[in-house]
Amino acid sequence: MEPEQAEHLSQLHSRITSWFTRNARPLPWREPDCSPWGVLVSEVMLQQTPVVRVLPVWQEWMQRWPEPAALAAEPSGEAVRAWGRLGYPRRALRLHAAATAIVTEHGGLVPDTHAALLTLPGVGDYTAAAVAAFAFGQRETVVDTNIRRVHARLVTGNALPSQSLTAAEMRLAVSLLPDDDAGSVAWNASVMELGALVCTARNPSCEDCPVLADCAWVRAGRPEPHYVPKGQAWHGTDRQVRGAMMAVLREAEGPVLRDLLLAGPVDLAAGQETVTTPLAALHALSAPQEQLERALNGLVRDGLAELSGDGLRLPA
DNA sequence: AAGCCGTGGGC
DNA sequence: TGCCCAAGGCT
């Protein structure tokens, strides 16, 4: 690297990490006394879920299951129930399975290497890097959606990162990472926070950006994205039905009659049900019988629910 | 290797 | 209102 480039990179590091020290949100999993287990739980909960919704659930989990062994000692259904409405409940299942693996394979301690973390259920490349960096202070190339977006704008000059993580993006992230452990950890956390608070997907607050003058995207006149993100369908999908069924199971004390879950639109007409309970909400979807059965079978197949007599319940 | 997998807040 | 998006992972 040319000396000028090294100097420029060094300035980016100091500007963004300095911004972080002044603007970072006080999140409990960033506190020095937070355990690696706490960091791992936070990272999994934060997969595709906003911080504000994670906060209260993470607090409950840490109080109830302060270490992996505590969670592993309970049925996976308890993890799913305590997951509440965070979404993607299979993450709760995977966290429970990860806790079990940590107990059986790692003596109850969250592993401290990227490779070992990667073997845990629900831990992919991002989460493994994040835990190694934030829980164990290691130099890791952390690449999440926030970091990718900041890199795309600041360096590449694009409005958004590519639709899937490319080798070029990975190389760029590696090239930007500070050489020392502490510096790299601070850099990862800082760029991520910048993406979450300032360099947001929509309506970025460029006036608050510590590296506005260096931004290739702004310099290029803020060109539009190269593509239009295709939104995920929701209404009428299996996911919607599965979600409604899970809401019923979470709220229920014990098994819920299968026939109650599978009640089709036919029953809706006769009933005086108002949409104030999860079951009423499920029925209000008026999903076809075939879809209801497919959704139910899917939940069982994925381990989110199990059959119990003529009913369905969270794994006990 | 695209498509699937929840949920709710903000614009 | 409806649509987009949020610290991804798995198959």
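Atoms considered below: every heavy atom in the structure, side chains included; atoms not considered: hydrogens, waters and symmetry mates.
Between Arg148(A) and the phosphate of dA7(C), there is no side-chain N or O to OP1/OP2 separation shorter than 4.0 Å. The shortest distance between the side-chain N/O atoms of Gln47(A) and the OP1/OP2 oxygens of dA7(C) is not below 4.0 Å.
Out of dA6(C), dC4(C), dC10(C), the shortest distance to the side chain of Arg94(A) is found at dC10(C).
Between Gly231(A) and Gly122(A), the one whose closest nucleotide on DNA chain C sits nearer the 5' end is Gly231(A). Between Pro50(A) and Arg301(A), the one whose closest nucleotide on DNA chain B sits nearer the 5' end is Arg301(A).
When heavy atoms are screened at a 4.0 angstrom cut-off, Trp29(A) is found touching base atoms of the nucleic acid. Among the heavy atoms of the strands lying under 4.0 Å from Arg202(A) is at least one base atom, whether or not backbone atoms are also near. Across all strands shown, Leu27(A) has heavy atoms under 4.0 Å from base atoms, whether or not it also approaches the sugar-phosphate. If you check every strand for non-hydrogen atoms under 4.0 Å, Ser164(A) touches nothing. Residue contacts shown for Ser42(A) are absent, as no nucleic acid heavy atom lies under 4.0 Å away. In this structure, Gln232(A) reaches the bases: a heavy-atom distance under 4.0 Å links it to at least one base atom across the strands shown. Within 4.0 Å (heavy atoms only), Gly87(A) reaches at least one base atom of the nucleic acid. Here Ile147(A) lies out of heavy-atom contact (under 4.0 Å) with every strand. Contact annotation for Asp302(A): no contact, since no heavy-atom pair falls under 4.0 Å across all strands. Residue contacts for Ala130(A): at a heavy-atom cut-off of 4.0 Å it reaches no nucleic acid atom on any strand shown.
Using modelled atom types, one side-chain atom of Trp217(A) and one backbone atom of Pro223(A) make a donor-acceptor pair closer than 3.5 Å. Of the possible polar contacts, none joining the Thr156(A) side chain to the Arg153(A) backbone as a donor-acceptor pair under 3.5 Å is found. A donor-acceptor distance shorter than 3.5 angstrom exists from the side chain of Ser184(A) to the backbone of Asp181(A), with no hydrogens or angles considered. With hydrogens and angles ignored, the 3.5 Å screen pairs a side-chain donor or acceptor of Arg91(A) with a backbone N or O of Val44(A). With hydrogens and angles disregarded, a donor-acceptor distance shorter than 3.5 Å links the side chain of Ser162(A) to the backbone of Ser164(A).
No continuous path of ILVMFWY side-chain contacts below 4.5 Å connects Val143(A) to Leu160(A), so the two sit in separate hydrophobic clusters.
Atom CD in Gln240(A) sits about 13 Å away from atom P in dG2(C), given to the nearest Å. Between the CD atom of Gln163(A) and the C1' atom of dG8(C) there is a distance of 16 Å, given to the nearest Å. Rounded to an integer number of Å, the gap from CD of Glu43(A) to P of dG8(C) is 9 Å. For the pair Leu165(A) CG and dG8(C) C1', the interatomic distance rounds to 11 Å; values are reported in whole Å. Counting to the nearest Å, the C1' atom of dG9(C) and the CD atom of Gln48(A) are 9 Å from each other. If you take OH of Tyr88(A) and P of dG9(C), they are 12 Å apart, rounded to a whole angstrom. For the pair Leu86(A) CG and dG9(C) C1', the interatomic distance rounds to 16 Å; values are reported in whole Å. Atom OH of Tyr126(A) is separated from atom P of dC10(C) by 14 Å (rounded to the nearest Å).
Using a 4.5 Å heavy-atom threshold, the side chains of Leu120(A) and Pro111(A) count as touching.
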Intermediate values then yes/no, salt bridge (charged side-chain N to carboxylate O under 4.0 Å, His left out), Arg30(A) and Glu193(A): CA-CA 12 Å; Arg30(A) 284 185 186 148; Glu193(A) 190 77 341; 2.6 Å; yes
Take Arg149(A) and Asn146(A) through the test side chain to side chain donor-acceptor pair (under 3.5 Å) and record every step on the way to the result. CA-CA 5 Å; Arg149(A) 188 172 54 251; Asn146(A) 288 311; 2.8 Å; yes
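Contacts between chain A and DNA chain B, taken as any atom within less than 4.0 angstrom of a protein heavy atom, begin and end at dG3(B) to dC11(B).
Of the P atoms belonging to dG8(B) and dG9(C), the separation is 23 Å, rounded to the nearest Å. Comparing the P positions of dA7(C) and dG3(B) gives an interatomic distance of 24 Å, to the nearest angstrom.
Tested against Val131(A), the residues His114(A), Gln138(A), Glu43(A) include a single side-chain contact (heavy atoms from CB on, under 4.5 Å) partner, Glu43(A). Looking at Glu7(A), Gln5(A), His13(A) one by one, the single match for side-chain contact (heavy atoms from CB on, under 4.5 Å) with Leu9(A) turns out to be His13(A).
Of the residues in residues 53-62 of chain A, not one places a heavy atom less than 4.0 Å from an atom of DNA chain C.
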